[in-house]
Chemist: 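This is the structure I want to talk about, given as structure tokens.
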Amino acid sequence: HFNAPSHIRSIIMSAPLSSELRARHSVRSLPVRKEDEVEVTRGQFKGRSGKIIACYRKKYVIHIDRITREKANGATVNVGIHPSKVKIVKIKMNKDRKGILERKSRAKATEGKGKGKYQEEDLKN
């Protein structure tokens, strides 16, 4: 986890989808991406929502616009929030994201059939 390479960190930095998106795409979670709109579900900023302005893979946090705090010297800084503590409200869709959603929903559809195992009627034919 702590010495994971960047492409693995992106998968670890996944967030659950909102109930409407989950129903529409039949997918539970997605890796977060810049420009996604999220809502914070835990912590001091619970209930606040905004667009992701940065995904900081090295620190396992995301920065969301309008979620900032003031430093002692008066400067404002973005507060890092872990992706598991937010839910995705609006997906920034592109070609790769469409592919991920299709692949995940296809896997969920075939899951009920027993993970590619042979049935008795398949063996009789």
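Model, not experiment: these values are computed from the prediction. Heads up: numbering here begins at 1 and tracks the sequence.
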Chemist: For residues Lys104 and Ser29, determine if any side-chain heavy atom of one lies less than 4.5 Å from a side-chain heavy atom of the other.
Modeler: yes
Chemist: Show your working on side chain to side chain contact (heavy atoms under 4.5 Å, CB included) between Arg48 and Glu39 and close with a plain yes or no.
Modeler: CA-CA 6 Å; Arg48 305 260 303 269; Glu39 183 184 330; over 6 Å; no
Chemist: Can you list the other members of the hydrophobic cluster that holds Ile64, where links are side-chain heavy atoms under 4.5 angstrom apart?
Modeler: Ile8, Ile12, Met13, Leu17, Leu21, Val27, Leu30, Val32, Val38, Val40, Phe45, Ile52, Tyr60, Ile62, Ile67, Val79, Ile81, Val86, Ile88, Ile91, Met93, Ile100, Leu101
Chemist: Taking NZ in Lys90 as the centre, count heavy atoms belonging to other residues, nucleotides or ligands within less than 6.0 Å. Is the count above 12?
Modeler: no
Chemist: Just how far is it from atom NZ of Lys98 to atom NE2 of His25, taken to the nearest 0.5 Å?
Modeler: 10.0 Å
Chemist: Evaluate Ser10 against Arg57 for side chain to side chain contact (heavy atoms under 4.5 Å, CB included), listing each step before the verdict.
Modeler: CA-CA 7 Å; Ser10 104; Arg57 287 188 189 168; 3.4 Å; yes
Chemist: Evaluate side chain to side chain contact (heavy atoms under 4.5 Å, CB included) for Lys87 paired with Ser19, printing each intermediate quantity in order.
Modeler: CA-CA 9 Å; Lys87 68 178 175 189; Ser19 49; over 6 Å; no
Chemist: Any chance you could measure Ser105, atom OG, to Arg24, atom CZ, to the nearest 0.5 Å?
Modeler: 13.0 Å
Chemist: Would you be so kind as to tabulate the donor-acceptor pairs closer than 3.5 Å made by side chains of residues 69-76, with sequence neighbours excluded?
Modeler:
unit_1	atom_1	unit_2	atom_2	d
Asn73	OD1	Ala75	N	3.0

Chemist: Between atom CD of Glu37 and atom OG of Ser49, what is the distance when rounded to the nearest 0.5 Å?
Modeler: 7.5 Å
Chemist: Is the backbone N or O of Lys85 less than 3.5 Å from a side-chain atom of Arg42, with the two atoms forming a donor-acceptor pair by type?
Modeler: no
Chemist: Within the side chain of Ser26, is there an N or O that forms a donor-acceptor pair under 3.5 Å with the backbone of Ala23?
Modeler: no
Chemist: What pair of heavy atoms forms the shortest contact from Lys58 to Arg9, and how long is it?
Modeler: O-NH1, 3.0 Å
Chemist: Provide the closest heavy-atom pair for Pro83 versus Ala15 in the form atom of the first, atom of the second, distance.
Modeler: O-CB, 3.2 Å
Chemist: Are the charged groups of Arg97 and Asp36 less than 4.0 angstrom apart, N to O?
Modeler: yes
